[in-house]
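Working notes, structure below.
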Amino acid sequence: MMLIAILVLAAGTFLIRLSGPLLRERISLSAHAEAVLKAGATVVLLALVATSAVVVEGDWAGWALPAGVLVGGVLAWRRAPLAVVVVAAAATTALLRLAGVS
């Protein structure tokens with residue numbers, strides 16, 4: 001039974017991913033609709049980052065984690081390389097926790 005569920009989910013995922021390239025030529029959106037969809041994706045991603053940065057296991061994450069996320073966000077906004085963003089964010093969080101800021 002579990003194998004059937006896995007195969008159905010795999011097939012559904014494949015078909016959803018395949019529908020993008022297949023339907024791109026058939027469906028045209030206005031410039032406004034495309035802008036709204038792009039903005040919507042950005043808003044969802046930012047909401048996920050914000051909630052993950054301030055809540056861990058249902059409780060306040062402390063100040064170190066949001067500070068690390070803020071440092072990473074600023075570096076990403078300034079178009080720093082991904083490795084620099086990740087290392088700087090992790091180092092900021094780790095150093096603040098080491099200093100007793102939790």
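Keep in mind that the numbers below use all heavy atoms, side chains included, and drop hydrogens, waters and symmetry copies.
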Checklist entry - What distance separates I27 CD1 from L22 CG, expressed to the nearest 0.5 Å? => result 10.5 Å
Checklist entry - Just how far is it from atom OG of S28 to atom CD of E34, taken to the nearest 0.5 Å? => result 9.0 Å
Heavy-atom pair with the smallest gap, counting every atom of [X] and [Y]:
X: A33; Y: L29; result: CB-CB, 4.1 Å
X: A61; Y: V56; result: CB-CG2, 3.7 Å
X: V101; Y: W63; result: CG1-CB, 3.9 Å
X: T93; Y: A64; result: OG1-O, 3.4 Å
X: P66; Y: V54; result: CG-CG1, 4.2 Å
X: V85; Y: G72; result: CG1-O, 3.4 Å

Next on the checklist: Please check: side-chain N/O of S52 versus main-chain N/O of V49, any donor-acceptor pairing under 3.5 Å?
Outcome noted: no
Checklist outcome for this item: Hits for side-chain contact (heavy atoms from CB on, under 4.5 Å) against V55, two or more places apart or cross-chain, chain-then-number order -> none
Next on the checklist: Between W77 and L46, is there shared hydrophobic-cluster membership here, with clusters defined by ILVMFWY side-chain heavy atoms closer than 4.5 Å?
Outcome noted: no
Next on the checklist: Do L95 and V86 sit in one hydrophobic cluster, given that two such residues count as connected whenever their side-chain heavy atoms are within less than 4.5 Å of each other, even indirectly?
Outcome noted: no
